[in-house]
There are 2 protein chains.
Amino acid sequence: MTIRQMCDAFGVTPRTLRFYESRELLFPERRGQQRLYSRADRARLTLILRGRRFGFSLEQIRQLLELYDPAERNITQTEAALGAARERLADMEQQHRELGEAMSELRQQIADGELWLNNLKSDA
Amino acid sequence: MTIRQMCDAFGVTPRTLRFYESRELLFPERRGQQRLYSRADRARLTLILRGRRFGFSLEQIRQLLELYDPAERNITQTEAALGAARERLADMEQQHRELGEAMSELRQQIADGELWLNNLKSDA
DNA sequence: GGCCAGGTTGACGTGCACGTAAGGTGCGAC
DNA sequence: GTCGCACCTTACGTGCACGTCAACCTGGCC
C-alpha cells in the first residue's frame with residue numbers, strides 16, 4: 001500500500017505518516033525511495049489514531065505499541081512495557097468513568113435547556 | 001477567594017487562571033487590582049478542568065459554559081448552545097464506546113504479555 | 001520610611017503535533 | 001526526450017495551552 005492509499009484509507013496526510021515514522025511509530029518498507037505499508041502497518045496506524053483520540057501522546061502510544069510488537073522480546077523490556085500498559089489502562093479506566101459521569105451531567109443540562117426553551121415558547 | 005486559594009484548591013497555577021480569564025472562561029471580580037473568585041467561579045473552573053480532561057478545547061468549553069450561564073438567555077443563543085452540546089455529547093458517546101473497546105483490547109494484550117512472561121520464567 | 005510577600009500586566013519561550021513551502025528524484029505517458 | 005505527477009527530504013511556520021521572566025504596584029509589619 002502506497003502512502004497515498006494509506007492517506008485515503010485513514011484520512012490523514014502524507015506529512016502525518018512521515019511524522020509518525022520519524023517518531024518511530026511506523027516502519028514501512030522501502031522500494032527505492034517509496035514507502036510501502038503492510039497489513040501490520042495498517043493495524044498499527046489504527047491503534048495510533050485511536051490512542052490519539054484518547055489524548056495519549058505519541059510517545060505514550062509508542063511505548064504501548066511495544067507491547068503489541070513481537071520483536072525484540074526480552075524479559076526486562078516486556079516487564080517495563082507491561083508496567084506502562086497497566087498505568088495507561090488505569091488512566092483509561094478513570095477517563096472512562098469520568099467521561100460517563102460527564103455525559104450524564106451534560107445530558108441533564110441539555111434536558112434542562114430543552115425544558116427552559118419549551119417553557120419560553122409556550123409562553124409566547 | 002484569592003487567586004492563591006484557587007490555585008491551591010484546584011491544583012492550577014495563577015498563570016492558568018489569568019489565561020482562562022483572557023479567553024473569557026472566568027470572570028472574577030476585582031477588589032482594586034486583585035481578583036476575587038466567587039462560588040460560581042469555582043463551579044465554572046470545575047467544569048473547565050473536567051472538559052480539559054476529555055480533550056475539549058478551551059473554545060469548545062467556553063461555548064458549553066454558555067449553556068450553564070443563566071445570563072443573556074435568548075432563544076436562538078440557547079438553541080445554538082443546545083446544538084453544540086448535542087454534538088459534543090455524540091462525540092463523547094462515541095469516544096466512550098471506543099475507549100471501552102480499547103480497554104478490552106489492552107487488557108487482553110496485558111494478559112497475553114503476562115502469560116508469555118510466565119512461560120518464559122517457568123522454562124528458566 | 002523601609003521592605004518584603006504576594007499580586008498585577010505584558011511579552012516572549014516551550015512542547016506537541018503537525019502544516020507548508022522549497023527544491024530534488026523516479027517513472028510512466030505521450 | 002520531456003512533461004507531469006507523485007513522491008522524497010529539509011527546514012521553517014502554526015495553533016494550542018500554558019510556563020517564564022521582567023517590571024511594576026500594594027498592603028501590612030517593623
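As a basis for the values below, the full set of heavy atoms in this structure was taken, side chains included, without hydrogen atoms, waters or symmetry mates. Lettering of chains follows the sequences in order, A, B, ..., and the numbering in each one begins at 1.
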Enquirer: In residues 4-11 of chain A, which residues come under 4.0 Å of DNA chain C by heavy atom?
Expert: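 Those residues: none at all.
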
Enquirer: Send over the distance from Ile61(A) CD1 to dC16(C) P, rounded to a whole Å.
Expert: 13 Å

Enquirer: Check the phosphate of dC18(D) against Thr13(B), side-chain N and O only, distance under 4.0 Å to OP1 or OP2. Yes or no?
Expert: no

Enquirer: Check the distance between dT26(D)'s C1' and Ile3(B)'s CD1 and give it to me in whole angstrom.
Expert: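 Rounded to whole Å, this separation is 16 Å.
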
Enquirer: Whether Thr16(A) contacts dG19(C) is assessed here as follows: a side-chain N or O lying under 4.0 Å from the phosphate OP1 or OP2. Is that the case?
Expert: yes

Enquirer: Starting at OH of Tyr20(B) and ending at C1' of dA17(D), how long is that distance when rounded to a whole Å?
Expert: 8 Å

Enquirer: Okay, side chain of Arg44(A), backbone of Leu25(A): is any donor-acceptor separation there less than 3.5 Å?
Expert: yes

Enquirer: I'd like to know if the side chain of Glu87(B) reaches the main chain of Ala84(B), judged simply by a donor and an acceptor atom lying under 3.5 Å from each other, with no hydrogens or angles considered.
Expert: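 No; zero donor-acceptor contacts below 3.5 Å.
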
Enquirer: Quick check: does any side chain N or O of Ser122(A) sit under 3.5 Å from a backbone N or O of Asn118(A), one acting as donor and the other as acceptor?
Expert: yes

Enquirer: dC16(C) C1' sits how many Å from Arg23(A) CZ, rounded?
Expert: 7 Å

Enquirer: For DNA chain C, determine which residues of residues 27-38 of chain A have any heavy atom closer than 4.0 angstrom to one of its atoms, and list them numerically.
Expert: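 Of all residues in residues 27-38 of chain A, none places a heavy atom under 4.0 Å from DNA chain C.
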
Enquirer: Can a side chain N or O of Arg18(B) be found less than 4.0 Å away from OP1 or OP2 on dG7(C)?
Expert: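 So the side chain of Arg18(B) is outside the cut-off, no N or O lying under 4.0 Å from OP1 or OP2 of dG7(C).
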
Enquirer: Nearest whole angstrom, please: distance from the P of dG6(C) to the CG of Leu17(B).
Expert: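 About 17 Å, once rounded to whole Å.
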
Enquirer: What integer distance in Å separates Leu25(B):CG from dA17(D):C1'?
Expert: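 After rounding, the gap between these two atoms is 12 Å.
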
Enquirer: According to a hydrophobic-cluster definition based on side-chain heavy atoms being under 4.5 Å apart (Ile, Leu, Val, Met, Phe, Trp, Tyr only), do Ile110(A) and Ile75(B) belong together?
Expert: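 Yes.
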
Enquirer: Under 4.0 Å between a Lys/Arg side-chain N and an Asp/Glu carboxylate O for Arg23(B) and Glu59(B)?
Expert: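 Salt bridge: no.
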
Enquirer: With a 4.0 Å cut-off on N to O distance, would you call Arg88(A) and Asp91(A) a salt bridge?
Expert: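 The answer is yes: the pair qualifies as a salt bridge.
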
Enquirer: Is the backbone N or O of Ser57(A) less than 3.5 Å from a side-chain atom of Gln60(A), with the two atoms forming a donor-acceptor pair by type?
Expert: yes

Enquirer: Closer than 3.5 angstrom, by distance alone: can the side chain of Gln5(A) be matched with the main-chain N or O of Thr2(A) as a donor-acceptor pair?
Expert: yes

Enquirer: Treating Arg52(A) as the side-chain partner and Phe56(A) as the backbone partner, does any N or O pair qualify as donor plus acceptor under 3.5 Å?
Expert: yes

Enquirer: Between dA17(C), dC18(D), dC8(D), which nucleotide gets closest to the side-chain atoms of Phe19(B)?
Expert: dC18(D)

Enquirer: Any Lys/Arg nitrogen of Glu93(A) or Arg107(B) sitting under 4.0 Å from an Asp/Glu carboxylate oxygen of the other?
Expert: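 Yes.
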
Enquirer: Rounded to whole angstroms, how far apart are CD on Gln60(A) and C1' on dC16(C)?
Expert: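 Going from Gln60(A) (CD) to dC16(C) (C1'), I get 12 Å.
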
Enquirer: So that I can tick it off, tell me whether Arg18(B) and Glu21(B) are bridged by a salt bridge, with the cut-off set at under 4.0 angstrom between side-chain N and carboxylate O.
Expert: no

Enquirer: For nucleotides 10-15 of chain D, read 5' to 3', which letter fits each nucleotide if B means a protein heavy atom sits under 4.0 Å from the base, S means only the sugar-phosphate is that close, and - means neither?
Expert: ------

